[in-house]
Amino acid sequence: MGTRDEKSPRDKGRRKDVVPCHLVNDQGDDALDAEERDAFAQRLRVRDRDREHDRSRRSSLGPSSSRPEGSGSSSRTSRSIHHDSHQRQEVTSDLRERSRQEYLKKREQSRLELLEAQIADEEMLFHKSALTDTERRQLEYQKEVLRIAKERKDINVDVEGYVMPEDYLTTKGKIDRKRKEQALYQRYQEPKGSVSGSGKDEKGIGGNLSELEQWEARQIARTKVKVGPQDKGTIPDADAYDFIIDETGIDFVLESTLDPATEADREAQSLLDAAERKQKSIQAVRESLPVYDYRDALLAAIEDHPVLIIEGETGSGKTTQIPQYLYEAGYSKDGRKIGCTQPRRVAAMSVAARVAEEMRVHLGREVGYSIRFEDKTSEKTVVKYMTDGMLLREFLTEPDLDGYSCIMIDEAHERTLSTDILFALIKDITRYRPDLRVLIASATMDAQKFSSYFDDAPIFKIPGRPFPVDIYYTLAPEANYLQAAVTTVLQIHASQPTGDILVFLTGQGEIEQAQELLRQARVALGRRIKDLLVCPIYANLPSDLQAQIFNPTPENARKVVLATNIAETSITIDGIVYVIDPGFQKLKTFDPHTEMESLVVTPCSRNAANQRAGRAGRVGPGKCFRLYTLWAYENELEDHTIPEIQRSNLCMVALQLMSLGINNLVEFDYIDPPSVTTVQKAIGQLYMLGALNAKGEVTKTGRRMAELPLDPKMAKALLASAKYHCSDEIATLCALLDVQSALYYRPKAEKLNAEKAHQNLVQPGGDHFTLLHIWEQWVQLEYSESWCRENYLQRRSLLRATDIREQIVRLLERIEVPLESNPNPADTSGVAKAMLAGYFSNVAQRQRGEDSYKLAKRKETVLVHPSSSLREAKPPWVMYYELVMTSEKFVRVVMEINPEWLIEVAPHEFKPSDIVDKSKQKMPKFLKKARELI
DNA sequence: GAGCACTGC
């Protein structure tokens with residue numbers, strides 16, 4: 001498993017002096033700890049094996065459950081944990097339990113509908129005659145399960161007879177305030193299916209998907225559609241494609257009504273025909289892709305070279321076709337998989353769906369995908385798409401990737417943090433696994449760099465088929481690019497033929513400004529111009545507003561999409577003919593010296609500029625207007641955006657790598673190495689958190705922390721929560737802090753209302769407790785959409801937090817922490833101490849007579865961010881979640897603490913002399929005098 | 001009294 005033993009080939013890099021001497025302190029008996037750590041790893045192995053058995057049993061019975069939170073084993077375990085802490089549970093309100101029940105009820109409903117849809121799907125796509133005996137049996141089984149479940153459920157649907165009205169008294173005779181409030185809040189509840197009238201059946205599957213799932217479904221639909229229309233003009237038998245659409249025409253219905261006796265047969269036959277035609281058209285599309293002509297040459301090259309760089313533009317078909325070629329060539333014969341990584345979840349899902357369709361198999365069987373919160377694979381899976389982060393996680397359990405015969409790293413040019421780490425790990429593996437085939441797929445500009453990194457691996461070029469894009473530059477630099485962009489929009493609108501416009505701006509603020517400018521211009525120009533439909537798109541925009549960019553452009557109007565760089569890679573908008581590129585983007589940077597993150601507007605790279613221009617050539621020839629000069633493009637822009645690994649805090653990555661037995665992180669074989677300071681800071685932090693011992697070895701604590709998909713500070717807080725019996729609250733905080741930045745929604749136009757609503761959510765003690773309060777409301781009001789809207793909270797973020805929380809709660813068992821709620825909710829010090837156990841280095845003390853704070857460990861002055869509820873209260877000591885540099889150095893998400901807790905939770909870092917209340921010390925007279933003079 | 005681009009586990 002994760003921890004490699006002394007024989008590991010990577011141990012050659014083991015260094016003794018990774019931890020700076022001044023950090024060395026007594027962390028207990030290292031040998032004993034190492035023993036415990038290995039014992040822990042052993043237990044994980046056993047549990048993983050059990051789970052694997054469990055999974056195989058489940059998947060052989062029925063459809064694999066993508067989110068197993070309600071499945072037998074995990075809920076059983078959490079129940080027993082509840083039982084252990086029975087005493088404490090009694091004291092806490094039963095509310096949490098009730099919400100959980102309600103949640104499970106909802107979940108059950110959605111599972112049922114999913115099963116129903118799956119059955120319908122199966123019957124439609126693979127009509128009975130096309131099924132094998134086993135598959136037929138399975139289908140029957142599923143149907144039976146559905147029938148029984150429905151029957152059972154119907155018993156509860158309409159309760160007849162007398163029902164005791166609920167009161168608000170608890171078992172102890174006190175008024176349950178929360179329950180009462182819940183009754184008051186009833187109006188917030190979503191209209192149920194039955195309210196709308198004709199019953200729950202009409203809802204269909206869409207009705208029960210979460211907003212997040214719907215969004216992902218829409219995204220998938222977009223990506224899938226792309227393949228069709230784009231190729232339509234270029235392939236000879238594009239007509240075959242139209243034929244399917246005609247298939248739903250009225251002829252079919254008429255004919256079948258004429259002869260009702262054979263209706264079923266006819267239907268079966270026509271479905272079969274349709275499937276056949278579809279298969280033929282799929283084949284035609286496959287053969288029309290540029291990569292098809294290179295199939296044999298490509299396979300030969302892969303055979304000959306363990307590492308191959310594949311250079312191909314989008315639309316060449318490399319992502320969908322190459323794994324299929326490998327499968328056809330027998331790379332999965334020995335039971336090993338073909339893996340393909342993607343930087344984004346939506347891409348992994350949609351590509352897998354497409355490939356399953358092309359290979360005519362069920363998604364999740366031979367072809368599957370694996371992303372966070374969702375593993376749609378089975379033992380049968382031989383072609384597996386996944387996110388790059390997921391493969392990185394797999395390394396922890398399978399460090400030699402033994403289950404794979406071939407790995408393709410797709411979109412390598414995007415250089416995500418995970419991709420970069422994967423490069424190094426995979427390069428290492430190829431040394432002792434000569435049978436493993438590695439493919440690095442990238443856009444044109446970067447292939448050479450990858451080749452030299454992988455010991456001059458050959459480059460295989462596949463031409464793309466993008467439409468030509470004419471590029472225009474300004475003659476002189478533009479002083480105000482926002483104004484220039486707006487002017488260009490109007491210019492295009494007035495002078496160019498139809499086609500939508502895409503403008504790249506840096507953020508929400510700019511987009512809102514541009515929206516306003518365009519509105520004003522439209523008013524000023526009046527009827528002289530045709531209508532202009534302005535659509536903003538950025539990640540933090542609520543989903544329903546995001547969806548608007550996909551609405552078709554009305555006649556006599558032109559759509560203008562104002563986008564951040566979300567439109568550069570993540571979202572593809574059809575119909576874009578013109579791109580306006582001011583040449584800027586916001587980029588996150590990390591300063592290892594101050595451990596501060598900041599988001600700065602920087603000129604984008606030539607790479608990014610070309611990517612942006614390419615967005616104009618997806619449906620036909622396009623035009624790109626760059627709001628800078630050709631000279632600037634050639635001389636001022638960087639070649640590439642600085643890779644993420646050089647702009648990130650590497651604390652989490654460092655723990656992951658060290659858990660793999662890679663101890664010398666400074667000399668690790670990065671394709672672009674991060675700064676030595678960043679690596680040292682990361683290691684130093686891990687040491688302070690107790691994840692490493694004085695020898696720089698991973699401790700048992702560290703090994704447990706590495707299992708969590710959390711920042712090490714957060715992971716440590718979660719481990720510490722066991723001591724304070726509040727893992728429940730800390731798990732919630734893990735989830736909410738993760739989405740915290742996209743939680744509050746504040747559009748410019750409704751600024752005051754939004755702020756007022758956010759103010760109403762504030763709780764005493766600090767922002768963390770406000771977050772916990774938001775979570776309670778969210779669960780109590782059953783994930784209400786209207787409640788989110790009224791409180792200007794992003795439902796998408798809360799849904800994501802719900803997923804994260806579920807995952808964390810599941811992992812608690814794995815890291816051997818019992819799930820417990822704070823036994824005394826009135827006393828929040830346990831929650832605070834647990835958080836402090838991870839965030840003790842994020843502590844600041846108020847400076848006497850000032851509004852500002854001084855960091856406890858560094859002589860640095862910071863301010864509490866104005867969005868914090870403690871901005872006014874200004875307590876003497878605070879703990880913060882993050883430190884950001886914007887117009888000032890701000891600490892964000894702040895909690896009031898008692899400095900004495902520091903000595904309790906981090907005695908190795910804080911001594912009593914560190915926490916003396918300086919504001920109560922007398923100021924020497926001469927200093928006082930001096931101050932007055934200034 | 002500020003202003004959060006985008007991913008991922």
Side-chain angles (χ1 to χ4, degrees), chain A residues 341-348 370-375 386-397 411 414-422 504-513 537-541 563-571 584-589 597-602 604 608 611 641 643-645 647-648 652-653 655-656 705-712 714-715 734-735 738-748 751 754-755 758 794 797 800 803-804 807-808 811 851 863-868 871-872 882 884-893:
Chain A
T341 70
Q342 294 290 319
R344 279 167 296 279
R345 295 162 50 90
V346 169
S370 175
I371 57 181
R372 189 181 185 182
F373 312 130
E374 202 177 348
D375 181 8
M386 65 197 118
T387 45
D388 47 12
M390 207 66 196
L391 184 61
L392 203 51
R393 278 275 150 200
E394 281 190 16
F395 262 92
L396 272 178
T397 46
E411 313 287 358
E414 287 194 31
R415 301 293 304 277
T416 68
L417 182 53
S418 301
T419 303
D420 269 22
I421 302 293
L422 281 176
F504 283 100
L505 298 171
T506 61
Q508 180 181 350
E510 269 184 25
I511 288 174
E512 280 170 344
Q513 256 176 287
I537 177 91
Y538 45 90
N540 266 0
L541 192 73
T564 59
N565 38 18
I566 192 174
E568 220 173 271
T569 49
S570 307
I571 285 182
F584 289 95
Q585 67 189 138
K586 265 189 194 164
L587 214 59
K588 193 184 74 186
T589 54
E597 281 186 347
S598 46
L599 208 53
V600 267
V601 176
T602 44
C604 66
Q611 178 80 28
T641 312
E644 205 184 346
I645 196 170
R647 318 180 262 115
S648 308
M652 198 168 152
V653 170
L655 181 59
Q656 255 176 308
M705 283 161 66
E707 286 297 312
L708 299 161
L710 297 169
D711 179 84
M714 198 69 234
C734 288
D738 201 304
V739 301
Q740 166 265 139
S741 62
L743 181 59
Y744 298 103
Y745 176 60
R746 192 172 41 178
K748 209 179 178 185
K751 194 179 163 219
E755 274 170 13
H758 294 160
Q794 295 252 32
S797 301
R800 193 181 137 80
D803 278 337
I804 296 173
Q807 188 190 24
I808 301 295
L811 287 170
D851 285 349
L863 292 172
V864 172
H865 196 269
S867 65
S868 170
R871 172 83 175 180
E872 300 302 320
E882 59 181 357
V884 290
M885 174 74 200
T886 47
S887 58
E888 298 267 3
K889 289 168 194 158
F890 287 112
V891 290
R892 242 182 339 214
V893 191

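What's counted below: heavy atoms across the whole structure, side chains too, no hydrogens, waters or symmetry copies. As the structure is a prediction and not an experimental result, all values here were calculated from the model. Residue numbers start from 1 in every chain, and the chains themselves are labelled A, B, ... in the order their sequence lines are given, proteins ahead of strands.
Proximity of A/Phe890 to A/Pro866: side-chain heavy atoms (C-beta onward) are separated by under 4.5 Å at one or more points.
Applying the ring pair (Phe, Tyr, Trp, His ring centres under 6.0 Å) criterion to A/Phe584, with sequence neighbours excluded, gives A/Tyr481. In this structure A/Gln508 satisfies the side-chain contact (heavy atoms from CB on, under 4.5 Å) test together with A/Glu512, A/Tyr538, sequence neighbours excluded.
Closest to the A/Pro866 side chain, of the nucleotides B/dG1, B/dC6, B/dC4, is B/dG1. Looking at the side chain of A/Asn565, the nearest of the listed nucleotides B/dC6, B/dC9, B/dA2 is B/dC6. In the set B/dG1, B/dC6, B/dC9, B/dG1 carries the atom at the smallest distance from any side-chain atom of A/Arg871.
As a whole-Å value, the separation of A/Gln508 CD from B/dC6 P is 9 Å. In this entry the distance linking CD of A/Glu414 with P of B/dG8 reads 10 Å, nearest Å. Note: CD1 (A/Ile566) to C1' (B/dA5) measures 10 Å, nearest angstrom. Between the P atom of B/dG1 and the CG atom of A/Asp851 lies a distance of 8 Å, rounded to the nearest Å. Between A/Phe395 atom CZ and B/dC9 atom P the separation is 16 Å, expressed in whole Å. In this structure, CZ of A/Phe373 is placed 13 Å from C1' of B/dT7, rounded to the nearest angstrom. One interatomic measurement links the two molecules: CD of A/Glu394 to P of B/dG8, which rounds to 17 Å at whole-angstrom precision. Here the C1' atom of nucleotide B/dT7 and the CZ atom of A/Arg344 are 7 Å apart, to the nearest Å.
At B/dG1, none of the side-chain N or O atoms of A/Ser867 fall inside 4.0 Å of OP1 or OP2 (strictly under the cut-off). Between A/Thr564 and B/dC6 there is a side-chain N or O to OP1 or OP2 distance below 4.0 Å.
Judged purely by atom type and a 3.5 angstrom limit, A/Ser418 has no side-chain atom pairing as donor or acceptor with the backbone of A/Asp388.
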